[in-house]
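When reading the values below, keep in mind they use all heavy atoms of this one structure, side chains included, and skip hydrogens, waters and symmetry mates. The structure displayed is predicted, hence computed values, not measured ones. Residue numbers start at 1 and run along the sequence shown.
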Amino acid sequence: MSLSSLRQAAWLSAIFAACSSALFPASNETTHLAALDACDRLDAFLGSPIVQSSGPTYQFAATNAWNLQNAEYRPTCIVFPSTTAHVQVAMKAIYNARSHFAVQAGSHSAMKGWNTVQDGVLIIFSNMQDVSYDPVKDTITLEPGVHWANAITALEPYGVAPVGDVGTGLLLGGGLSWLSPSHGYAADTFKELDVVLATGELVSANAINEHSDLFRALKGGANRFGIVTRYELYPVHTGTKDDKTWFGGTIVYNSSSDALLKATARYVRETNDPKAVILMSFINLVSDGELVPMYFLWPFYHGPELPADIFGDFLSIPAVISQLGPLSYFDVSGTLGLADERGFVQHFGASTLTGDEELFLDAFAHWENFTEVYKDNFNMTTLAFTPIPDSQIQAGRARGGNIINAPHGGFAAVQIYQTFRMGIKNIPPDVQRGIDLLFNQIPPSPGLPLYMNECDARQRVYESYGDYELLKRIYAKYDPTRFSVEHCQGPAGL
């Protein structure tokens, strides 16, 4: 779900695969020469087809990012590793050349520059997509390039699934899922990670070895701390696609925004049943200069029906479409799918709200006004709410906790999202000012964390984490020269 995001509209999702520094210096002759040096070294060490700087495979990879802003970059070379050793060689060359770099897993990042690079080396994991289940150890192993639909499909015959639903970049950002109310953030299910550090050194990190601090930092710390080449996860025993143990589906409304906002706020405030999960997504489509409201609710319950005491407010609101029934978790996980529409500028922003009705109504009013003022720039805008109950926070703490360290549950991750119309290649300055104003008008509730996978690139997500000071100390330990922050775009604050 990111469920918080994920999703825009039934089709969108936020995956995040990137590295480090947020506001990154422009390319110049020094960065250009450093990138050429790194690519020359890589060509000598790894050769073609692992390293490419031209040709159809290079061209497709360079231009295939979901966010059009990222499809406009042209890396000096692209590395297509198929083993962890290839990644180590790549990072050693990048580090020694002092080159800029970026990392891309599934390409679904709305953050400009977070999964590609100009005058630098791009590492793409399209050749590392293995997924497996070990019934003896009861663990799932994923390579970083795997797409979630493929992982879910491969694991379904074993009756297991990972917590998550976009891609491995989502895991490092914390990760929200239909399974999160009962099992925590997706990152809470990490058992062990293989991590290539900025210098090219390989370490394995888990909760009890000498890299347990790094392990904790990667549970929400994103790719600032290294490149994860192997994820070993604790699975959820969800059953096969024939096990219809869930109930729910999709409800679409075209009005009653106040009633839906109040119902969502109440759900956030009062619901702490780990079997219950929703995503409430308010969408304005722009058609012939007019706004067309479509409000999507995805309610699910791990049981035979949607309990009236939890979902009754939503079910009592008149809907234009209501498709509800028994489902397997395999069905639930495929509800939203992944948006595959390339060629548009995509932009995310994050907030976090307690379950106060006035906060929800106020956020919606500002979002509506913003959309109306700038509608000529958009295909669609979205304001989505993913509830994070206390059951989710407690489930994560039972597994050792994460670096996000939210103080409690009972709040909503808020996604503020726009898809720009065809022909716009960068966010216009006046719209950017409007976005900045909108963020100021929908500030996060005090003391609650922002959700990394749905943030604007300039939002200081780390500073909202409960363990921010610890995070900074861990980063200083594993990247003492601050190479990643200085040479790779990503979250700010370290």
Side-chain angles (χ1 to χ4, degrees), residues 2 5-19 22-24 26-27 56-76 78 100-120 122-126 147 166-167 169-170 173 283-287 336-350 370-371 374-382 384 415-436 438 453-459 488-490:
S2 163
S5 140
L6 261 178
R7 338 230 88 328
Q8 325 317 310
W11 325 280
L12 297 178
S13 66
I15 179 177
F16 155 54
C19 309
L23 300 169
F24 186 84
S27 295
T57 302
Y58 167 92
Q59 186 67 15
F60 176 80
T63 61
N64 192 49
W66 173 61
N67 180 4
L68 178 62
Q69 290 178 295
N70 290 334
E72 297 289 304
Y73 286 70
R74 291 298 175 271
T76 306
I78 300 178
H100 290 346
F101 72 102
V103 180
Q104 187 177 122
S107 87
H108 274 74
S109 176
M111 298 73 162
K112 183 179 179 180
W114 280 28
N115 68 356
T116 189
V117 64
Q118 186 73 35
D119 284 332
L122 176 60
I123 300 172
I124 286 185
F125 284 117
S126 54
H147 289 224
V166 189
L170 169 123
I283 296 168
N284 270 323
L285 301 177
V286 182
S287 177
L336 299 178
L338 282 177
D340 198 31
E341 297 123 351
R342 264 62 174 171
F344 301 95
V345 171
Q346 316 279 352
H347 179 261
F348 287 165
F370 164 82
T371 305
Y374 299 105
K375 63 185 178 183
D376 291 343
N377 296 275
F378 303 133
N379 290 329
M380 178 182 77
T381 67
T382 299
Q415 183 192 46
I416 304 163
Y417 168 75
Q418 306 91 38
T419 296
F420 286 73
R421 63 176 173 78
M422 183 72 74
I424 293 178
K425 294 187 176 181
N426 279 294
I427 299 175
D430 63 323
V431 181
Q432 186 62 65
R433 289 191 291 272
I435 290 170
D436 294 342
L438 185 61
N453 293 325
E454 297 168 359
C455 73
D456 177 275
R458 297 161 306 145
Q459 290 184 293
C488 181
Q489 294 191 61

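- Using a 4.5 Å heavy-atom threshold, the side chains of F60 and S126 count as separate.
- The structure places CD1 of I424 at 11.0 Å from CE of M422, a figure rounded to the nearest 0.5 Å.
- F125 places a side-chain heavy atom less than 4.5 Å from the side chain of V103.
- Put simply, the residue from Q104, H100, R74 that forms a side-chain contact (heavy atoms from CB on, under 4.5 Å) with V117 is H100.
- Considering only heavy atoms from C-beta on, Y374 stays 4.5 Å or farther from I435 through its side chain.
- In this structure, the separation between OG1 on T116 and CG on N70 is 6.0 Å, given to the nearest 0.5 Å.
- A 4.5 Å side-chain heavy-atom check between M111 and R458 finds every atom pair outside the cut-off.
- Between Q418 atom CD and F348 atom CZ the span is 10.0 Å, to the nearest 0.5 Å.
- T419 has its side chain out of reach of V345: every pair of non-hydrogen atoms, C-beta onward, lies at least 4.5 Å apart.
- The main-chain N or O of Y73 is never found under 3.5 Å from a side-chain atom of Q118 such that the two would form a donor-acceptor pair.
- Side-chain atoms of E72 never come within 3.5 Å of backbone atoms of K425 as a donor-acceptor pair (strictly under, hydrogens ignored).
- Between the side chain of T76 and the backbone N or O of G120 there is at least one donor-acceptor pair closer than 3.5 Å.
- Taking the six-membered ring where the residue is Trp, F370 and F378 present tilted rings, their angle falling between 30° and 60°.
- F420 has its side chain within reach of V431: a pair of non-hydrogen atoms, C-beta onward, lies under 4.5 Å apart.
- With hydrogens and angles ignored, the 3.5 Å screen pairs a side-chain donor or acceptor of Y58 with a backbone N or O of P75.
- Here the SG atom belonging to C488 is positioned 10.0 Å from the CG atom belonging to N115, to the nearest 0.5 angstrom.
- With respect to I427, the side-chain contact (heavy atoms from CB on, under 4.5 Å) criterion is satisfied by exactly one of Q69, R433, K112: Q69.
- In this structure, the separation between CG on D456 and CG on D436 is 7.5 Å, given to the nearest 0.5 Å.
- Contact annotation: the side chain of T63 never approaches that of R342 to less than 4.5 Å [non-hydrogen atoms, C-beta and beyond].
- Considering CD of Q432 and NE2 of H347, their distance stands at 5.5 Å, rounded to 0.5 Å.
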